Amino acid sequence: MSYPLSLVKELFSIAKDVTDAVLNKAFFEAERLDVNPQIKPLTYATIPAEYMTDTNTLVGATTILCYYAFARYVKNSTQQSTSTGVVIPTFNNSIVVPSDDRNIRSESEKAKADIFMSDLVCKLKEAKFL
């Protein structure tokens, strides 16, 4: 499946040097872990076309997927290669540095996506797709 990479870059002004592979991973996880569980028995790929794009009254599934993917991208984008993330080396061990600003931004975007998704789920239920 081809994900809307250009849309997420447009919506969130993602830097040009971010590779498509990194965004594809975020989209894949967002689709499988955020979108599909909320719309069972449908999947993102089987959502009817009229619910994929934005209208005056509904945020479409494609935009919602972009919000979830961006939240996942933000949360994972600056991870270090250590198993615990960013650390401050000390004499005998290291101190883990929490990255609260990334977590706050990620949770904020995910919360928006959740609100948009609840509207979409209601519309899909009204139309008897769920």
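Quantities reported herein were computed from a predicted structural model and do not represent experimental measurements.
For the atom pair CD (Glu31) and OH (Tyr3), the distance works out to 3.5 Å, reported to the nearest 0.5 Å. Atom-to-atom distance recorded for Lys25:NZ and Asn76:CG is 5.5 Å, nearest 0.5 angstrom. We find the CZ-OG distance between Phe27 and Ser2 to be 9.5 Å, quoted to the nearest 0.5 Å. With values rounded to the nearest 0.5 angstrom, Gln38 atom CD is found 11.0 Å from Leu33 atom CG. Atom CD of Glu50 and atom OG1 of Thr55 lie 10.5 Å apart (nearest 0.5 Å). If you take CD1 on Ile47 and CG on Leu65, they are separated by 8.5 Å, rounding to the nearest 0.5 Å.
With no hydrogens or angles considered, a side-chain donor-acceptor pair links Thr63 and Asp54 at under 3.5 Å.
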Quiz item: Given the rule in the side-chain contact (heavy atoms from CB on, under 4.5 Å) test, do Glu107 and Lys75 qualify, once you have shown the distances and angles that lead to the verdict?
Solution: CA-CA 9 Å; Glu107 290 302 316; Lys75 193 160 192 161; 3.7 Å; yes
Self-check item: salt bridge (Lys or Arg N to Asp or Glu O under 4.0 Å) evaluation trace for Glu109 with Lys112
Solution: CA-CA 5 Å; Glu109 299 304 331; Lys112 292 175 198 175; 3.4 Å; yes
Exercise. Please assess Asp119 against Val59 for the test side-chain contact (heavy atoms from CB on, under 4.5 Å), listing each intermediate value before the final yes or no.
Key: CA-CA 8 Å; Asp119 290 343; Val59 176; over 6 Å; no
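A 4.5 Å side-chain heavy-atom check between Leu124 and Pro48 finds at least one atom pair inside the cut-off. Within the 4.5 Å cutoff, side-chain heavy atoms of Tyr73 are placed close to those of Ile14. Counting only heavy atoms from C-beta outward, the side chains of Phe70 and Leu11 never approach each other to under 4.5 Å. Arg72 places none of its side-chain heavy atoms less than 4.5 Å from the side chain of Lys110. Using a 4.5 Å heavy-atom threshold, the side chains of Lys9 and Asp20 count as touching.
For an aromatic pair to be called close, the ring centres must be under 6.0 Å apart, and Phe12 with Tyr67 satisfies this.
Side chain of Asn36 to backbone of Tyr44: a donor-acceptor contact under 3.5 angstrom is found. Ser106 places a side-chain N or O within donor-acceptor distance of the main-chain N or O of Ala71, the cut-off being under 3.5 Å.
Evaluated for a side chain to side chain contact (heavy atoms under 4.5 Å, CB included) with Tyr51, the options Ile64, Leu42, Ile39, Leu58 yield exactly one hit, Leu58.
Under a hydrophobic-cluster definition in which Ile, Leu, Val, Met, Phe, Trp and Tyr are linked whenever side-chain heavy atoms come within less than 4.5 Å, directly or via other members, Ile115 and Leu120 are assigned to different clusters.
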